[in-house]
J.: 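Before we start, here is the structure in question, set down as structure tokens.
In the text below, chain A, chain B and the rest are named by the order of the sequence lines, each starting its count at 1.
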Protein chains: 2
Amino acid sequence: MATIYQVSEAAGVSLATVSRVMNGNAKVSERTRKKVEDAMASLGYQPNAIAQSLASNRTNSVGLLVSELHGSYFGDLMSTVEHVLKQNGKHVIITAGHVDEKREHEAIEFLKSRRCDALILHAEAVSDDYLKTLVDSKIPVVVINRKVDALDENCFVVDNERGGYMATKAAIDAGHKKIAYISGPLFKKDASDRLAGHKRALQEAGLTFDETSVFEGDFHESSGQEGMQHLQKTFSDFTALVCANDEMASGAMTAAREAGFDIPSQLSIIGFDNVLFSRYLYPKLTTINNPIHAMGEMAAYWVLQHVYDIKSPIPIEHLFEPEVVNRDTLGKL
Amino acid sequence: MATIYQVSEAAGVSLATVSRVMNGNAKVSERTRKKVEDAMASLGYQPNAIAQSLASNRTNSVGLLVSELHGSYFGDLMSTVEHVLKQNGKHVIITAGHVDEKREHEAIEFLKSRRCDALILHAEAVSDDYLKTLVDSKIPVVVINRKVDALDENCFVVDNERGGYMATKAAIDAGHKKIAYISGPLFKKDASDRLAGHKRALQEAGLTFDETSVFEGDFHESSGQEGMQHLQKTFSDFTALVCANDEMASGAMTAAREAGFDIPSQLSIIGFDNVLFSRYLYPKLTTINNPIHAMGEMAAYWVLQHVYDIKSPIPIEHLFEPEVVNRDTLGKL
DNA sequence: CTCTCAAATGTAAGCGCTTACAAAATTATT
DNA sequence: AATAATTTTGTAAGCGCTTACATTTGAGAG
């Protein structure tokens with residue numbers, strides 16, 4: 001593999017000059033630029049990004065931490081972030097934290113050790129304090145889908161409370177009075193916020209909240225099934241079921257069907273997130289759009305602007321609004 | 001950020017010694033190891049991976065090229081590869097090629113410029129010749145889901161022809177005689193192989209193949225819908241529909257339902273790939289398992305063995321068998 | 001107590017690049 | 001034509017690490 005030295009020799013110029021034409025920042029005369037470019041082409045020269053990074057203290061790469069490498073939600077996030085950054089000549093290094101404190105921590109340390117210019121984190125398990133330390137250290141950090149006190153400038157979040165409210169409100173507006181709820185793990189902020197929204201909607205409509213109407217799942221499909229089965233026993237006769245995410249809604253739909261309910265005529269179901277497969281479901285799932293795409297985009301723009309001095313084409317905002325996506329699983333009563 | 005130099009000073013030893021304890025290969029006395037480790041801990045030292053790579057000519061990272069960062073299929077592949085490699089202390093750098101020759105090429109060059117120790121490629125658009133050149137160059141390369149002549153040792157593929165055969169055979173065994181087919185883009189080897197298998201199954205059963213029974217889609221959901229609509233006109237009255245992937249099968253199901261067909265009593269549908277969401281569909285999709293998980297795992301083990309001298313726990317194989325996954329969309333006639 | 005020899009540690013030369021600074025070449029000014 | 005101002009190019013010192021080789025240390029043998 002050719003090095004810059006060989007190029008400089010072939011072109012009859014110094015190392016510095018070759019470096020200059022590569023980076024295009026300093027001025028080089030047309031004639032020498034041509035010589036150098038020819039030499040590069042004939043040698044098939046490819047700069048060593050590692051050496052560049054070491055010398056320039058700039059890697060042109062942004063670290064992205066997601067919880068999993070699979071799943072619609074993260075697929076969307078990864079795609080979006082990569083798209084925006086790549087358009088601007090930056091690269092993304094992706095790692096997975098698997099919602100485990102130790103592994104998230106390791107993943108972040110890995111990204112730091114690779115000297116990423118910035119970090120975009122969908123960190124769920126790591127502590128607020130750790131994130132604060134991170135932000136206080138040199139490296140620019142952005143947090144997605146998690147609000148950390150005193151880090152508002154670095155967080156991009158959807159209004160989960162509002163989303164939960166909207167989901168339940170939609171059911172109420174459709175005439176439902178007895179509404180069950182399958183929640184995510186309540187130690188997670190987004191899960192508890194969504195539930196809070198649900199309660200607010202009930203209260204506002206003068207409906208009393210019943211503890212037995214809630215099942216705490218784990219955001220996975222199977223806990224949606226479980227939840228549905230459990231709620232039938234403890235809460236029974238509800239006509240609508242709000243789920244804190246689409247996976248659990250899908251599980252609940254399966255369980256409901258097995259229990260003989262027609263959806264939506266006998267049971268309405270509302271999901272949350274609007275992941276890709278929610279419209280593959282039958283009936284197509286009515287859900288709350290979680291603007292993960294917009295958040296990922298915004299996070300990427302933030303990084304471009306703050307780290308690379310590339311002006312964001314849209315104003316940077318930190319709070320995103322959820323939205324009801326009306327499809328076929330919410331029926332009027 | 002502390003450097004090795006500061007550690008060596010704090011510990012009162014030379015750079016080389018610090019490096020030795022970091023890498024653990026050369027012998028260091030217990031006493032000095034302790035001193036160095038203490039110094040590292042108190043400084044919060046974190047080795048600079050970039051500098052290590054430059055000096056050692058080893059990055060401990062493997063490049064992974066996928067077509068997209070979203071979607072079940074690639075999610076599965078990324079997760080698997082990362083899992084195996086991370087267990088062995090190696091890291092994965094993921095890029096997307098978007099099934100576009102130029103972008104795939106750029107993505108691969110990026111991985112090379114980052115000096116990955118090896119490349120795992122799900123390359124669809126780039127030419128065979130380019131892949132051969134790549135393999136002939138220094139960098140170890142493995143290709144997933146694509147068979148390149150003379151590169152058998154580097155390819156990990158599923159027997160697509162056989163899979164196509166199995167799908168159609170399953171329909172035939174269930175009594176179907178008039179079978180439609182929605183294909184992927186035929187310039188893609190996997191798509192044409194699957195179609196070839198379909199034809200073989202028909203022939204073997206003494207069924208004649210009719211050109212109008214095939215619709216060439218693009219592997220996306222919408223072309224499944226289109227295909228279904230198109231085939232109703234050109235081929236009509238078929239009782240089974242084989243689709244070259246699950247996305248198109250899902251689209252076809254939607255279109256079929258809109259056209260008033262009950263699945264599977266009036267129309268049987270078979271997919272291909274067995275992606276995660278295929279079991280969320282209603283009815284749950286009968287499909288052909290594409291062992292992407294196994295292939296990704298194998299590719300990762302190949303790299304571990306050939307590049308890092310870590311013995312693979314399972315024998316390296318290159319050809320993977322598809323398998324029928326019986327669920328609810330194939331009905332007996 | 002000296003001598004060997006192996007084990008532990010140190011020295012210094014890179015890895016391939018960037019970049020401040022110096023030097024040379026070119027252009028403008030008088 | 002001589003000098004100044006400006007542009008272009010070269011020189012060399014790092015960036016933070018690894019590693020071949022040289023040196024020191026210490027233990028066991030005589």
J.: Report yes if a side-chain nitrogen or oxygen of B/Gln52 is closer than 4.0 Å to either non-bridging phosphate oxygen (OP1 or OP2) of D/dT18; otherwise report no.
T.: yes

J.: Using a 6.0 Å cut-off, check whether atom CG of B/Asp38 has over 12 heavy atoms from anything other than its own residue.
T.: yes

J.: Does the pair A/Lys34/A/Glu30 count as a salt bridge with the N-to-O cut at 4.0 Å?
T.: no

J.: To the nearest angstrom, how far is A/Asn60 atom CG from C/dC17 atom P?
T.: 15 Å

J.: Measure from the ring center of B/His122 to the ring center of B/Tyr73 and say whether it is less than 6.0 Å.
T.: yes

J.: In whole Å, I'd like the distance from the CZ atom of A/Arg114 to the P atom of D/dG16.
T.: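 So the two atoms are 16 Å apart, to the nearest Å.
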
J.: Can you check the B/Met1 CE to D/dC15 C1' distance for me, whole Å?
T.: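 Answer to the nearest Å: 15 Å.
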
J.: Between P on D/dG16 and CG on B/Leu54, what's the gap in Å once rounded to a whole number?
T.: 12 Å

J.: Nearest whole angstrom, please: distance from the C1' of D/dG14 to the CD1 of B/Ile4.
T.: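 In whole Å, D/dG14 C1' lies 16 Å from B/Ile4 CD1.
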
J.: Considering all heavy atoms of both residues, which atom of A/Arg146 and which atom of A/Val157 are nearest to each other, and what is their separation?
T.: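 Where A/Arg146 meets A/Val157 most closely, the heavy atoms are N-CG1, 3.2 Å.
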
J.: Nearest whole angstrom, please: distance from the P of D/dC17 to the CD1 of A/Ile50.
T.: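 Taking CD1 of A/Ile50 and P of D/dC17, I get 14 Å after rounding.
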
J.: I want to verify a distance call: between D/dC17, D/dT19, C/dC17, whose nearest atom is closest to the B/Ser56 side chain?
T.: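 Per side-chain heavy atoms of B/Ser56, the pick is D/dT19.
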
J.: Rounded to the Å, how far apart are A/Glu9 CD and C/dG16 P?
T.: 14 Å

J.: Indicate the atoms forming the closest heavy-atom contact of B/Ser67 with B/Phe74, along with that distance.
T.: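 Smallest interatomic distance, heavy atoms only, reads CB-CZ, 3.3 Å.
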
J.: Could you give the CG-to-C1' distance, from B/Asn57 to C/dG14, as a whole number of Å?
T.: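 Answer to the nearest Å: 12 Å.
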
J.: Let me have a per-nucleotide readout for nucleotides 4-13 of chain C, 5' to 3', with B, S or -, counting only protein heavy atoms under 4.0 Å.
T.: ----SBBB--

J.: Is there a side-chain contact between B/Tyr45 and the phosphate of D/dC17, meaning an N or O under 4.0 Å from OP1 or OP2?
T.: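 Affirmative; the distance criterion is met.
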
J.: Considering all heavy atoms of both residues, which atom of B/Val21 and which atom of B/Met40 are nearest to each other, and what is their separation?
T.: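 Looking at all heavy atoms of both residues, the closest pair is CG2-CE, 4.2 Å.
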
J.: OP1 or OP2 of D/dT18 less than 4.0 angstrom from a side-chain nitrogen or oxygen of B/Asn23, does that happen here?
T.: yes

J.: For A/His105 together with A/Phe110, are the ring centres under 6.0 Å from each other?
T.: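 No, the ring of A/Phe110 stays outside the 6.0 Å limit from the ring of A/His105, centre to centre.
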
